[in-house]
Amino acid sequence: TIFNDHPLGHMTLGNEKTLLKFNRENFISFLNRYYNSNNYTFLVAGNVDPDATLNTFDKYFVSKSGEKNIRPHLPLRKPLRNPAVFYKNISQTHINLAIAINPANLKEKWSLNLFAMMIGYGSSSPLYVEIRDRRGLCYSVNTNYYWGTDYSLFKIYMATDKEKYQEASDLAFTVLNKNKNNQVLLEKAKKMELGGVARRFENPLNIIVEAASSVTFAEKPFGYQEVEKAIKDITIQDIENVVDKYLKQEQFTTVLLAP
């Protein structure tokens, strides 16, 4: 719904109609287009000898010619419906207040990620305290920021009663704007994020995953020190800038799964 007819809105594996059309030539064409030396990134983590590792790579990974894949930027059309309402035999109304964001640079993405943690992470977050505890307008509430290369996604989720969804949604935006310059929340979010990063970088497999992710979003692998610096460098002014620039209430799409 958020991505409309954009490829990001398609199921990764396709549907029955597209799957039935695939043939051997399609797979070979896909393999040659993407799996060639110009698209490889070789990542290694652990107690290894760099020279020996490179020799092993040269021995077993042969060079394969092909063009570097450059994904074209496709514009995102506005959703056909806002709000978009879907019905199901359930008792609660599930709300997603979501916005697709483009083009955000790397620092802005870190800022959006931290802001999602600031306002909607855990039972002490402003959204949880204000909407659930004080007003009793929802059963659960949280925020997420999904990184992307062409478009990323910022989302507020709530589960509530159908009679309360509009009041809960309006209050969510009030909380969002009220806390965009909250230095205390930013420092708390940084500590949580840095703690998670430290845990992830204790495991060689997770180091590889983090490096591969940064190759995708920043076109180069990041180590622990680079990630740590990126988080610590975010200021409250950076947070306020991305909220004012990207998280405008009128540009959000409301998606409802209702009884």
Undergrad: So, Lys190 side chain and Ile234 main chain: donor-acceptor pair closer than 3.5 Å or not?
TA: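 Such a contact is found between Lys190 side chain and Ile234 backbone.
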Undergrad: Are any non-hydrogen side-chain atoms of Leu8 and Asp150 less than 4.5 angstrom apart?
TA: yes
Undergrad: More than 12 foreign heavy atoms under 6.0 Å from OH of Tyr60: is that the case here?
TA: no
Undergrad: State the CD-SG distance between Gln92 and Cys138, to the nearest 0.5 angstrom.
TA: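 Separation between the atoms: 9.5 Å.
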Undergrad: Examine the side chains of Ser29 and Asn26 and answer whether a donor and an acceptor come within less than 3.5 Å of each other.
TA: no
Undergrad: With heavy-atom distances below 4.5 Å as the criterion, would you say the side chains of Leu97 and Lys155 are in contact?
TA: no
Undergrad: Is a side-chain donor or acceptor of Asn39 paired with a backbone partner of Tyr35 at a separation under 3.5 angstrom?
TA: no
Undergrad: Mind listing the closest non-hydrogen atom pair of Trp110 and Ala230 along with its distance?
TA: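 Nearest pair, atom of Trp110 first, then Ala230: NE1-CB, 3.6 Å.
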Undergrad: Could you please spell out the steps behind the side-chain contact (heavy atoms from CB on, under 4.5 Å) verdict for Asn96 and Thr254?
TA: CA-CA 6 Å; Asn96 273 324; Thr254 301; over 6 Å; no
Undergrad: Got a donor-acceptor contact below 3.5 angstrom from the Arg132 side chain to the Tyr139 backbone?
TA: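 Such a contact is found between Arg132 side chain and Tyr139 backbone.
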Undergrad: Under 3.5 Å, is there a donor-acceptor pair between the Thr143 and Tyr157 side chains?
TA: no
Undergrad: Keeping to residues at least two apart or across chains, list the ring-ring contact (aromatic ring centres under 6.0 Å, His included) pairs with something in residues 228-259.
TA: Phe173-Phe252
Undergrad: Would the number of heavy atoms belonging to other residues, nucleotides or ligands and lying under 6.0 Å from CG of Leu13 be above 12?
TA: no
Undergrad: For a 4.5 angstrom cut-off between non-hydrogen side-chain atoms, does Asn182 reach Glu240?
TA: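 Side chain of Asn182 against side chain of Glu240, heavy atoms only: no contact under 4.5 Å found.
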Undergrad: Side-chain heavy atoms under 4.5 Å apart, restricted to Ile/Leu/Val/Met/Phe/Trp/Tyr: what other residues fall into the cluster of Ile208, or is it alone?
TA: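 Members alongside Ile208: Leu43.
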Undergrad: Is the shortest heavy-atom distance from the side chain of Thr93 to the side chain of Leu257 under 4.5 Å?
TA: no
Undergrad: For Glu67, does the CD atom sit with more than 12 other heavy atoms under 6.0 Å from it, leaving out its own atoms?
TA: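 For Glu67, atom CD is not crowded (no more than 12 foreign heavy atoms under 6.0 Å).
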Undergrad: For Lys164, give me all partners under salt bridge (Lys or Arg N to Asp or Glu O under 4.0 Å), at least two apart in sequence or on another chain.
TA: Asp161
Undergrad: Among the clusters formed by ILVMFWY side chains lying less than 4.5 Å apart, do Ile95 and Phe86 turn up in the same one?
TA: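 No, Ile95 and Phe86 fall in different hydrophobic clusters.
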Undergrad: Tell me whether Asn89 contacts the main-chain N or O of Pro259 through its side chain, where contact means a donor paired with an acceptor under 3.5 Å.
TA: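 Here the side-chain-to-backbone pair does not exist.
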Undergrad: Going from CG on Leu114 to CG on Leu186, what distance comes out if it is rounded to the nearest 0.5 angstrom?
TA: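 Reported to 0.5 Å precision, the distance equals 6.5 Å.
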Undergrad: May I ask you to test the Leu74-Pro7 pair for a side-chain heavy-atom distance under 4.5 Å?
TA: yes
Undergrad: Of all the heavy-atom pairs spanning Ile207 and Ala45, show the shortest one and how long it is.
TA: CG2-CB, 3.8 Å
Undergrad: Determine whether more than 12 heavy atoms belonging to other residues, nucleotides or ligands lie under 6.0 Å from atom CD of Glu167.
TA: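 Open: at most 12 neighbouring heavy atoms sit under 6.0 Å from CD of Glu167.
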Undergrad: If we ignore hydrogens and angles and just use 3.5 Å, is the side chain of Asn38 paired with the main-chain N or O of Gly66 as donor and acceptor?
TA: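 Side chain of Asn38 to backbone of Gly66, a donor-acceptor pair under 3.5 Å: yes, one is there.
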Undergrad: Using the side-chain contact (heavy atoms from CB on, under 4.5 Å) rule, take Val197 and Ile231 through it: C-alpha gap first, then chi angles, then the decisive distance, then the call.
TA: CA-CA 10 Å; Val197 170; Ile231 296 169; 3.9 Å; yes
Undergrad: Looking only at non-hydrogen atoms, find the nearest pair between Ala100 and Phe3 and report the distance.
TA: CB-CE2, 3.9 Å
Undergrad: Verify the cluster assignment for Ile99 and Val141: are they in a single hydrophobic cluster under the rule of side-chain heavy atoms below 4.5 Å apart?
TA: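 Yes, same cluster.
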Undergrad: Kindly give the heavy-atom pair with the smallest separation between Ile239 and Ser111, and that separation in Å.
TA: CD1-O, 3.3 Å
Undergrad: Which pairs with one or both residues in residues 204-226 pass side chain to side chain donor-acceptor pair (under 3.5 Å), sequence neighbours excluded?
TA: Arg200-Glu210
Undergrad: Can you tell me how far the CG atom of Leu137 sits from the CD1 atom of Ile131, to the nearest 0.5 Å?
TA: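 Spacing of CG (Leu137) from CD1 (Ile131) equals 7.0 Å.
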Undergrad: Tell me if a side-chain donor or acceptor on Thr149 pairs with a main-chain N or O of Phe217 at a distance below 3.5 Å.
TA: no
Undergrad: Test side-chain contact (heavy atoms from CB on, under 4.5 Å) on Asn15 and Thr18 and set out the steps.
TA: CA-CA 5 Å; Asn15 53 40; Thr18 56; 3.2 Å; yes
Undergrad: For Lys180, enumerate each residue passing the salt bridge (Lys or Arg N to Asp or Glu O under 4.0 Å) test, keeping only those at least two apart in sequence or located in another chain.
TA: Asp244
Undergrad: Quick check on the 6.0 Å ring-centre criterion: do His73 and Tyr151 meet it?
TA: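 For His73 and Tyr151, the ring centres are under 6.0 Å apart.
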Undergrad: Would you compute the distance between atom CE of Met117 and atom OG of Ser125 and round it to the nearest 0.5 angstrom?
TA: 11.0 Å
Undergrad: Roughly how far apart are Leu256 CG and Gln166 CD, rounded to 0.5 Å?
TA: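 Reported value, rounded in 0.5 Å steps: 9.0 Å.
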Undergrad: Please assess Tyr146 against Ser152 for the test side chain to side chain donor-acceptor pair (under 3.5 Å), listing each intermediate value before the final yes or no.
TA: CA-CA 6 Å; Tyr146 301 94; Ser152 55; over 6 Å; no
Undergrad: Can any side-chain N or O of Asn69 pair as donor or acceptor with the backbone N or O of Tyr34 at less than 3.5 Å?
TA: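 Looks like no, no N/O pair under 3.5 Å.
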Undergrad: Side-chain heavy atoms under 4.5 Å apart, restricted to Ile/Leu/Val/Met/Phe/Trp/Tyr: what other residues fall into the cluster of Phe27, or is it alone?
TA: Leu19, Phe22
Undergrad: Stepwise, does the side-chain contact (heavy atoms from CB on, under 4.5 Å) test hold for Ser124 with Lys188?
TA: CA-CA 11 Å; Ser124 63; Lys188 182 179 178 181; 2.8 Å; yes
Undergrad: Between Leu247 and Ile101, is any pair of side-chain heavy atoms under 4.5 Å apart?
TA: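 Yes, their side chains come closer than 4.5 Å.
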Undergrad: Output the distance between atom OH (Tyr121) and atom CG (Asn142), rounded to the nearest 0.5 Å.
TA: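 The CG atom of Asn142 is 10.5 Å from OH of Tyr121, to the nearest 0.5 Å.
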Undergrad: Would you call Glu108 and Lys245 a salt bridge, using N to O less than 4.0 angstrom?
TA: yes
Undergrad: Taking everything shown except Glu16 itself, do over 12 heavy atoms lie less than 6.0 Å from its CD?
TA: no
Undergrad: Determine yes or no for a side-chain-to-main-chain donor-acceptor pair under 3.5 angstrom, with Asn105 supplying the side chain and Lys107 the backbone.
TA: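 Looks like yes, one N/O pair under 3.5 Å.
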Undergrad: Is there side-chain contact between Tyr145 and Phe115, with at least one heavy-atom pair below 4.5 Å?
TA: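 No, side chains not in contact.
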Undergrad: Check whether any side-chain heavy atom of Val243 lies under 4.5 Å from a side-chain heavy atom of Leu112, and answer yes or no.
TA: no
Undergrad: Show the nearest heavy-atom pair for residues Ala189 and Met118, with the distance to one decimal.
TA: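 Closest approach of Ala189 to Met118, heavy atoms only: CB-CG, 3.7 Å.
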Undergrad: May I ask you to say whether Glu228 pairs ionically with Lys232, meaning some side-chain N is under 4.0 Å from a carboxylate O?
TA: yes
Undergrad: Under 3.5 Å, side chain of Asn113 to main-chain N/O of Asn144, donor-acceptor pair present?
TA: no
